[in-house]
J.: 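I have a structure I would like to understand better, so I am pasting it below and will then ask my questions one at a time.
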Amino acid sequence: MIKTNRGAVMSDLGFSYLIKNREVSILRNGKKVTVLRADRAAAFCDEVVDMDDHSAQQLMARVTGNYKRGNEKLAKSNQSSKYQN
């Protein structure tokens, strides 16, 4: 958990990134999740440079596909009821 300057608490999603040889490696909890190359790496660097930590975490979650859309619970309940006899 990270405490912000306003006293609000936000959770760290565990993402970080490394830039090496014009590639951006995105890590989650220290393990490599994905690698961005060429145009995607440049676009990511342009976006993340002006972001605060929370926004950067959200961006990395979206880029890696580890982003909750809010409908997982609903989809799971619909699927389980669909196959009940």
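What you see is a predicted model; the values in this text were computed from it and never measured.
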J.: Taking only residues two or more places apart in sequence or in another chain, which ones pass side-chain hydrogen bond (donor to acceptor under 3.5 Å, both in side chains) with D50?
T.: none

J.: Hey, could you give me the CG/CG distance between L13 and L59, rounded to the nearest 0.5 Å?
T.: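 Atom-to-atom, L13:CG and L59:CG are 11.5 Å apart.
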
J.: In Å, rounded to the nearest 0.5 Å, how long is the span from CZ of F15 to OG1 of T64?
T.: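 Atom-to-atom, F15:CZ and T64:OG1 are 3.5 Å apart.
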
J.: Restricting to side chain to side chain contact (heavy atoms under 4.5 Å, CB included), what partner residues turn up for D52, sequence neighbours left out?
T.: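 Checked D52 against side chain to side chain contact (heavy atoms under 4.5 Å, CB included); matches are H54, S55.
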
J.: For I26 and F44, run side chain to side chain contact (heavy atoms under 4.5 Å, CB included): C-alpha distance rounded to whole Å, both residues' side-chain angles, the deciding distance at 0.1 Å, then the answer.
T.: CA-CA 11 Å; I26 298 180; F44 174 82; 4.1 Å; yes

J.: How would you list, by chain and number, every residue that makes a side-chain hydrogen bond (donor to acceptor under 3.5 Å, both in side chains) with S16, sequence neighbours excluded?
T.: none

J.: Can you list every side chain to side chain donor-acceptor pair (under 3.5 Å) pair that touches residues 33-43, not counting sequence neighbours?
T.: E23-R37

J.: Other members of the hydrophobic cluster containing V35, with the 4.5 Å side-chain heavy-atom rule, please.
T.: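 Besides V35, the hydrophobic cluster comprises nothing; the residue is isolated.
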
J.: Got a sec, which hydrophobics cluster with L18, joining ILVMFWY side chains under 4.5 Å apart, including via others?
T.: L27

